[in-house]
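Working notes for the structure below.
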Amino acid sequence: MKKHNLGKSRLQVSPIAYGFWRFGGTDVKTARTKVETALEMGINLMDHADIYGVDGGGQFGDAELLFGKVLQEAPHLRDQMVLGTKGGIVLGVPYDSSGAYIEQAVDNSLKRLGVDVIDLWQIHRPDFLGHPEEIAATLTKLRNRGKIKEVGVSNYTPSQFRALQAHLSFPIASHQPEFSCWAHEPLRDGILDQCLELSVTPLAWSPLGGGRLAQTTGDLADGPDKNRLINLLKVLDQIAEEQGKTRTQLALAWVLQHPAKPIPILGTQRPERIQEGAGALDVTLSRTQWNAILVAAQGEPLP
Ligand SMILES: NC(=O)c1ccc[n+]([C@@H]2O[C@H](COP(=O)([O-])OP(=O)(O)OC[C@H]3O[C@@H](n4cnc5c(N)ncnc54)[C@H](OP(=O)(O)O)[C@@H]3O)[C@@H](O)[C@H]2O)c1
């Protein structure tokens with residue numbers, strides 16, 4: 001995979017990332033296979049968060065700990081990757097971006113991952129009580145001390161992004177919103193426009209709608225969005241058939257094709273599906289096809 005700079009930083013990242021939200025269990029061999037498969041496919045950007053583990057029935061920090069065990073067993077893998085993680089979600093609070101908390105979160109992630117430096121440290125969600133000046137001073141300190149290389153945000157609004165950027169002397173490298181043909185708000189909420197304006201790399205979380213876009217239509221649960229989703233899946237299937245690709249490859253290609261060059265973060269835990277996801281880079285959608293997918297997703301024509 002051809003690498004490019006993450007935002008204006010010097011980090012060289014693949015156009016597709018691998019994410020660790022669903023990374024669980026205790027078996028280091030299975031965990032290592034997932035990481036190695038991603039790296040073999042040319043995927044070098046790894047997206048963690050300190051809280052990953054909790055949603056899989058585990059504990060805060062479990063995904064980072066398991067990943068740390070993989071790196072302990074195979075230390076040579078560390079140099080092949082751009083290691084990203086996030087912090088700032090605290091169970092029961094639920095957000096804390098105070099300087100003291102961020103410093104502690106970074107130290108704890110470094111320990112769990114067993115590394116000297118985090119390549120990309122991201123604020124997981126905005127903390128309304130966090131002052132951007134204090135956040136920026138803390139991130140600058142951590143960067144100057146060599147604990148983190150670059151900074152990103154996730155789930156920020158464009159104005160929250162701008163407020164933080166105003167207090168930093170270096171550019172924020174990435175912004176991570178949910179973005180897929182199912183969750184396409186970043187097209188219009190200003191996030192992708194801001195990424196284009198400031199040369200920030202968008203990282204697209206849940207690029208398959210958290211698995212919705214991979215479902216068979218017969219299995220869909222009833223709900224107000226059911227018919228719209230069925231229609232979207234039909235349109236994706238039709239174009240996939242024309243192109244000789246899979247539906248999930250089409251859905252990922254739709255994300256990849258936005259001019260801001262969003263990096264879809266694959267969430268599958270199955271090595272063969274990591275390989276399938278990498279195949280999305282071979283898909284080119286025409287403007288008509290890209291728009292047809294958007295129209296099906298939003299359930300109404302473009303004006
Ligand atoms: N910043 C944030 O707030 C935030 C929030 C959520 C996620 N994220 C990031 O985004 C990453 C991806 O999120 P996600 O896991 O929801 O991504 P996703 O790719 O949209 O969904 C992955 C889910 O789809 C399922 N799936 C079913 N068929 C599939 C197929 N053919 N190919 C691929 N997957 C298939 C996977 O199951 P199998 O494992 O069985 O394949 C998995 O449960 C996370 O790991 C995390 O790094 C960030």
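Just so it is clear, the model here is predicted, and its values are computed rather than measured. Counting from 1, the numbers follow the sequence of the chain as shown. Whatever order the structure lists them in is the order used to number ligands and atoms, beginning at 1.
Salt bridge R10/D119: absent, no basic N to carboxylate O contact under 4.0 Å.
The closest non-hydrogen atom to atom 48 (C) of ligand 1, taken over R273, E178, Q176, R212, comes from Q176. For atom 40 (O) of ligand 1, the nearest non-hydrogen atom from the set H48, K86, R125, R270 comes from R270. Between the choices G267, G211, P177, the shortest heavy-atom distance to atom 25 (C) of ligand 1 belongs to G211. The residue from M46, H124, R22 that puts a heavy atom closest to atom 23 (C) of ligand 1 is R22. With distances taken over non-hydrogen atoms, the option nearest atom 46 (C) of ligand 1 out of Y52, Y18, W205 is Y52. The option from T248, T216, L208, L266 that lies nearest to atom 33 (C) of ligand 1, judged by heavy atoms, is L208.
Interface atoms of ligand 1 facing G209, defined by a heavy-atom separation under 4.0 Å, are 20 (O). Of all the atoms in ligand 1, the ones that sit under 4.0 Å from a non-hydrogen atom of G19 are 45 (O), 47 (O). Taking a cut-off of under 4.0 Å to the non-hydrogen atoms of A214, the atoms of ligand 1 that pass are 27 (C), 28 (N), 29 (C).
Checked by atom type, the side-chain pair N155/Q176 shows no donor-acceptor distance below 3.5 Å.
At least one donor-acceptor pair under 3.5 Å links the side chain of Q194 to the backbone N or O of P158. A donor-acceptor contact shorter than 3.5 Å links the side chain of Q249 to the backbone of E276. Between the side chain of W290 and the backbone N or O of W254, at least one donor-acceptor pair lies under 3.5 Å.
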Test side-chain contact (heavy atoms from CB on, under 4.5 Å) applied to T140 and F170, step by step:
CA-CA 9 Å; T140 303; F170 57 90; 3.7 Å; yes

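Using a 4.0 Å cut-off between heavy atoms, S206 contacts ligand 1 through both its backbone and its side chain.
Looking at T268 next to ligand 1, an N or O pair under 3.5 Å apart turns up.
Here the shortest heavy-atom pairing between G99 and E134 reads N-OE2, 2.7 Å.
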